Trainee: 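Next up is a structure, given as structure tokens.
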Amino acid sequence: MQVLLDKIVEDSKKLTAKGKVASYIPELSKADASHVGIAIVQTNGKIRCAGDYMTKFTIQSVSKPIVLLQALMDNGEEEVFSRVGMEPTGDPFNSIIRLETFDGSKPLNPMINAGAIAVSSLIKGKDNAERFDRMMTLFKQLSNNPDLTVNEDVFMSEKLTGDRNRAMGYFMKDLGSIRGNVEEVLDLYFRQCSIEVNCMDIANIGAFFANHGRDLVTGEQIVPVRYMNIVKTVMMTCGMYDASGEFAVNVGVPAKSGVGGGIMCAVPNRMGIGTFGPSLDKKGNSIAGLNVLSELSKELQLSIF
Ligand code: GLU
């Protein structure tokens, strides 16, 4: 297994020259495009790693499934899906166009920016600090890492330049998908995206999904199975931007990608996988990460289909 992982990482490194690191958030452009790493956490506790698996990066959109779990636990399924849909878009992750045209006047799904901003507005707490603390507690628990922190430089960079997200926030307030103070909701959203992780952290989160919401060590059911199933299904259909269909064919497991270069996967009953490679393709997915995962899926027959 180790030999296989080392080889897949080495082969995938060659592809990194074909993509670009995200630069629309200025701070992200500092990443080293040649980095590639993977961590696997099996539901039986075994761990495997290769490449730059300890390198830190910001979680970005890989945060979306976790915040959706929190929103479901805080509000229940009916309330959450009255504010956000569950249909794939086929549009880029930061697209604004369907906010006005989609029937129901709500963002299409919780894995695109608009939907995730609406979901962030549902997190309970007396103020923004408490809302973020509650979110962060869940991130720490699922990643099995009590030391997770926010990269304040990335947070400020997003806050200062995130005008498209800001536009969507105000538009959704007008639609009624968001209640409350838009700037506070955006701060919460930018903060969740700026949490710093490595491959191990997101592999642990993937393993939690693979284990249907039970703690890997204690067996405690931390999130109801129904909510886990909802979020995994939304990851499967919408988690890899407008390449979710292709990913379902080539890899075949629920996954979520982020523009920081991370991909988190859950292989039900078997393992969580975290990959990192900040060189992205045109749709925003890590080029090396996609290659690592499709090779691994072939070798280990990971597809759920
Ligand atoms: N913070 C990023 C944004 O809002 C997340 C995008 C992503 O990772 O897909 O644009």
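Read the numbers this way: they start at 1 and go in the same order the structure lists the ligands and their atoms. All figures in this text were calculated on a predicted structure; none of them were measured in a lab.
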Trainee: Distance under 4.0 Å to a non-hydrogen atom of Cys193: what atoms of ligand 1 satisfy this?
Mentor: 1 (N)
Trainee: Quick one: do the Asn151 and Glu196 side chains pair a donor with an acceptor below 3.5 Å?
Mentor: yes
Trainee: Side chain, backbone, both or neither: which part of Asn113 comes within less than 4.0 Å of ligand 1 when only heavy atoms are counted?
Mentor: side chain
Trainee: Tell me: protein heavy atom nearest atom 2 (C) of ligand 1, and distance?
Mentor: Gln60 OE1, 3.1 Å
Trainee: Give the atom numbers and elements of ligand 1 that come within less than 4.0 Å of a heavy atom of Asn165.
Mentor: 3 (C), 4 (O), 10 (O)
Trainee: Hey, what's the ring geometry for Phe276 with His35, parallel, tilted or perpendicular (30° and 60° as the breaks)?
Mentor: tilted
Trainee: Go through it in stages, so that I can follow the logic: the residues are Met264 and Ile59, the test is side chain to side chain contact (heavy atoms under 4.5 Å, CB included), and I'd like the CA-CA distance, side-chain angles, deciding distance and then a yes or no.
Mentor: CA-CA 10 Å; Met264 179 269 284; Ile59 192 164; over 6 Å; no
Trainee: Between ligand 1 and Phe190, can you find any atom pair, the residue atom being a heavy atom, that is separated by under 4.0 Å?
Mentor: no
Trainee: If you count heavy atoms of other groups shown closer than 6.0 angstrom to CZ of Phe208, is the number above 12?
Mentor: yes
Trainee: Should we say atom CD of Glu130 is surrounded by more than 12 heavy atoms from elsewhere, each under 6.0 Å from it?
Mentor: yes
Trainee: I'd like to know if Arg191 pairs up with Glu158 as an ion pair, taking the criterion as any Lys NZ or Arg NE/NH1/NH2 lying under 4.0 Å from an Asp or Glu carboxylate oxygen.
Mentor: no
Trainee: Please could you name the atoms of ligand 1 that Gly258 approaches to less than 4.0 Å, counting only its heavy atoms?
Mentor: 8 (O)
Trainee: What atoms of ligand 1 come closer than 4.0 angstrom to any heavy atom of Tyr241?
Mentor: 7 (C), 8 (O), 9 (O)
Trainee: With heavy atoms of Val259 as the reference, note each atom of ligand 1 found under 4.0 Å away.
Mentor: 6 (C), 7 (C), 8 (O), 9 (O)
Trainee: Is it true that Lys283 and Glu246 have a side-chain N and a carboxylate O under 4.0 angstrom from each other?
Mentor: no
Trainee: Ignoring hydrogens, just give me the one of Ala116, Ser61, Ser63 whose non-hydrogen atom is nearest atom 9 (O) of ligand 1.
Mentor: Ser61
Trainee: Among protein heavy atoms, which sits nearest to atom 10 (O) of ligand 1, and what does the distance come to when rounded to 0.1 Å?
Mentor: Tyr24 OH, 2.6 Å
Trainee: Tell me which part of Glu158 gets within contact of ligand 1: side chain, backbone, both or neither, using heavy atoms under 4.0 Å.
Mentor: side chain
Trainee: Please evaluate residues Thr16 and Val36 with respect to the criterion side chain to side chain contact (heavy atoms under 4.5 Å, CB included), reporting the C-alpha separation (whole Å), side-chain torsions for both, the decisive distance (0.1 Å), and the verdict.
Mentor: CA-CA 8 Å; Thr16 58; Val36 182; 3.7 Å; yes
